[in-house]
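See structure below.
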There are 2 protein chains.
Amino acid sequence: MAQKNILQYLLLGLLNQAPKTGYDLKRVFENEIGEFWQAKHSQIYPELKRLETEDLITHIELISGTKLKKKQYTITPSGVSYFNEWRYSPTSEILASKDEFILKLYFIESKNDQHLPAMFAEQTTLHTDKLTHLLARKALVFPNQATITANYGHYLILEHAINREQDYLKWLATADC
Amino acid sequence: MAQKNILQYLLLGLLNQAPKTGYDLKRVFENEIGEFWQAKHSQIYPELKRLETEDLITHIELISGTKLKKKQYTITPSGVSYFNEWRYSPTSEILASKDEFILKLYFIESKNDQHLPAMFAEQTTLHTDKLTHLLARKALVFPNQATITANYGHYLILEHAINREQDYLKWLATADC
DNA sequence: CATACCATGTAAGTAGTTACATGATTAT
DNA sequence: ATAATCATGTAACTACTTACATGGTATG
């Protein structure tokens with residue numbers, strides 16, 4: 001995945017919602033959008049610096065407590081238009097999803113391979129755990145209609161993640177026999 | 001995706017089925033397993049060279065026509081055991097699927113956003129085309145039960161890809177309203 | 001005879017991970 | 001006081017893409 005620099009748009013989009021620090025952004029990747037994009041702090045901090053040199057964002061320094069410095073980034077007007085350009089442009093390519101389990105399945109030669117049941121059982125556990133976690137998050141973050149309306153995009157993405165796990169589990173159940 | 005070198009296992013697994021040239025391998029990525037892993041020839045050829053220095057594969061030179069040289073790679077016994085180690089080891093981590101469309105959705109603020117219908121329509125077209133293509137491939141490659149039995153892993157992976165597109169389309173249909 | 005495909009390679013660059021490094025604050 | 005978390009950064013490396021480069025073969 002070395003080509004489009006989608007990270008920059010995500011950072012701009014997140015800063016377009018509200019000013020944030022690098023650490024705040026890092027946490028968004030760990031939580032809400034982590035299901036569909038990952039970024040470590042070691043990638044986020046340099047990218048924020050680069051975006052600032054491009055005048056797409058600016059920062060001010062805040063002090064937490066007595067001496068802990070943090071940089072709060074804000075999107076600039078040109079940052080907003082650069083973000084909107086991406087946001088409302090066609091999304092033609094379906095980005096690759098890589099699935100190591102499916103690849104291992106590819107090398108199975110027979111329906112009766114003795115390893116198949118254990119492999120399916122393992123994935124079922126894994127995806128069940130993930131689904132449970134996502135459902136718990138949904139219940140926590142969206143307890144009522146007002147919270148959904150206030151964070152509609154986040155809701156959509158979480159719903160999609162839940163849907164994806166449910167379908168994956170359904171496939172595991174039917175494929176394994 | 002910079003960490004596990006899954007490509008090496010895929011190359012070994014494919015050579016474990018039968019000896020192949022780099023170009024043969026390149027085509028497998030374009031066709032059968034391209035739905036779940038991608039690799040360009042510029043990544044495949046150097047990796048084959050590396051695997052040979054590790055004594056996991058060897059090659060002989062063949063001549064096509066009168067002078068076109070090609071290298072046919074064969075897996076070695078240590079290559080087979082290295083492959084099997086991966087193949088039958090637990091697959092604990094669910095690898096990230098990156099979806100640019102879902103990320104764009106994340107930044108939608110309201111259910112009534114005027115851009116939503118066009119965005120969903122575009123994705124519906126995209127995934128419908130992909131599904132059509134996959135179904136055509138299935139009909140072509142697996143015309144009868146014998147072809148399924150002979151390439152069971154390939155069948156499983158293609159079925160999963162079809163299933164995934166169907167579920168994605170189902171979600172697009174219900175989420176868009 | 002030209003186009004598409006077969007066949008192999010390298011170079012340069014971008015994206016992303018892991019590890020190294022440091023220090024402050026909050027909760028237990 | 002100690003562990004978890006807040007907060008920011010860089011260095012080294014691996015994975016992957018795009019572009020450059022070359023030449024043979026088969027089909028119409």
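Below, chains carry the letters A, B, ... as their sequence lines are ordered, and counting in each starts from 1. All heavy atoms count here, side chains included; hydrogens, waters and symmetry mates do not.
- Remark: A/T21, A/G22, A/Y23, A/R27 in residues 14-31 of chain A come within less than 4.0 Å of DNA chain D through at least one heavy atom.
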- Query: Where along nucleotides 23-28 of chain D does protein come under 4.0 Å, by heavy atom, of base (B) or sugar-phosphate alone (S), with - for untouched nucleotides?
  - Reply: BSS---
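- When all heavy atoms of A/I157 and A/I33 are compared, the closest pair comes out as CD1-CG2, 4.0 Å.
- Here C/dT8 presents its C1' atom at 11 Å from NE2 of B/H59, a figure rounded to the nearest Å.
- When rounded to the nearest whole Å, the span between CD of A/Q38 and P of D/dA15 equals 17 Å.
- Of all nucleotides listed (D/dA7, C/dA7, D/dA15), C/dA7 comes nearest to the side chain of B/K70.
- Here A/N84 pairs with A/R87 under the side-chain hydrogen bond (donor to acceptor under 3.5 Å, both in side chains) rule; sequence neighbours left out.
- With hydrogens and angles left out, the side-chain atoms of A/D24 and A/T21 include a donor and acceptor closer than 3.5 Å.
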- Message: Run B/F29 and B/L10 through side chain to side chain contact (heavy atoms under 4.5 Å, CB included) and show every step you take.
- Response: CA-CA 10 Å; B/F29 283 96; B/L10 299 179; 3.8 Å; yes
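- Comparing D/dT17, C/dT17, C/dT8 against the side chain of B/K71 picks out C/dT8 as the nearest.
- If you measure from atom CD1 of A/I44 to atom P of D/dT10, you get 14 Å, rounded to the nearest angstrom.
- Note: CG (A/L62) to P (C/dT25) measures 14 Å, nearest angstrom.
- At a cut-off of 3.5 Å, with distance as the only test, a side-chain donor of A/K104 or B/T91 sits close to an acceptor on the other residue.
- Scored by the side-chain hydrogen bond (donor to acceptor under 3.5 Å, both in side chains) test, B/R50 finds B/Q8, B/E47 as partners (sequence neighbours excluded).
- In this structure, CD of B/Q43 is placed 15 Å from C1' of C/dA11, rounded to the nearest angstrom.
- Under a 4.5 Å side-chain heavy-atom criterion applied to ILVMFWY residues, the cluster that includes B/L62 comprises B/I60 as well.
- Neither OP1 nor OP2 of D/dA15 sits under 4.0 Å from any side-chain N or O of B/K40.
- The side-chain hydrogen bond (donor to acceptor under 3.5 Å, both in side chains) search around B/H127 returns B/E165, not counting sequence neighbours.
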Listed pairs under 3.5 Å, donor-acceptor, residues 66-73 of chain A side chains, sequence neighbours left out:
none

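- Between the P atom of C/dA24 and the CD atom of A/E61 lies a distance of 14 Å, rounded to the nearest Å.
- Taking five base pairs at each end of the helix from C/dC1-D/dG28 to C/dT28-D/dA1, the local helix axes there meet at an angle of 40°, rounded to 10°.
- Side-chain proximity of A/H41 to D/dT17, D/dT10, D/dG9: nearest is D/dG9.
- OP1 or OP2 of C/dG16 has at least one side-chain nitrogen or oxygen of B/K98 nearer than 4.0 Å.
- Distance, A/K4 NZ to C/dG16 C1': 17 Å, rounded to whole Å.
- A/N163 pairs by the side-chain hydrogen bond (donor to acceptor under 3.5 Å, both in side chains) definition with A/D167, not counting sequence neighbours.
- Rounded to an integer number of Å, the gap from B/I6 CD1 to D/dT14 P is 16 Å.
- Between A/F101 and A/Y168, the angle of the ring planes lies from 30° to 60°, which puts this pair in the tilted group.
- Applying the 4.5 Å side-chain rule to ILVMFWY residues, one finds that A/I63 remains a lone member of its cluster.
- The side chain of A/Y45 contributes no N or O atom lying less than 4.0 Å from OP1 or OP2 of D/dG9.
- Judged as a ring pair (Phe, Tyr, Trp, His ring centres under 6.0 Å), and not counting sequence neighbours, the contacts of B/F142 are B/H154, B/Y155.
- Between B/W86 and B/F83, the ring-plane angle classifies as tilted under the 30° and 60° cut-offs.
- Residues from residues 47-58 of chain B lying near DNA chain D, meaning a heavy-atom separation below 4.0 Å, are absent.
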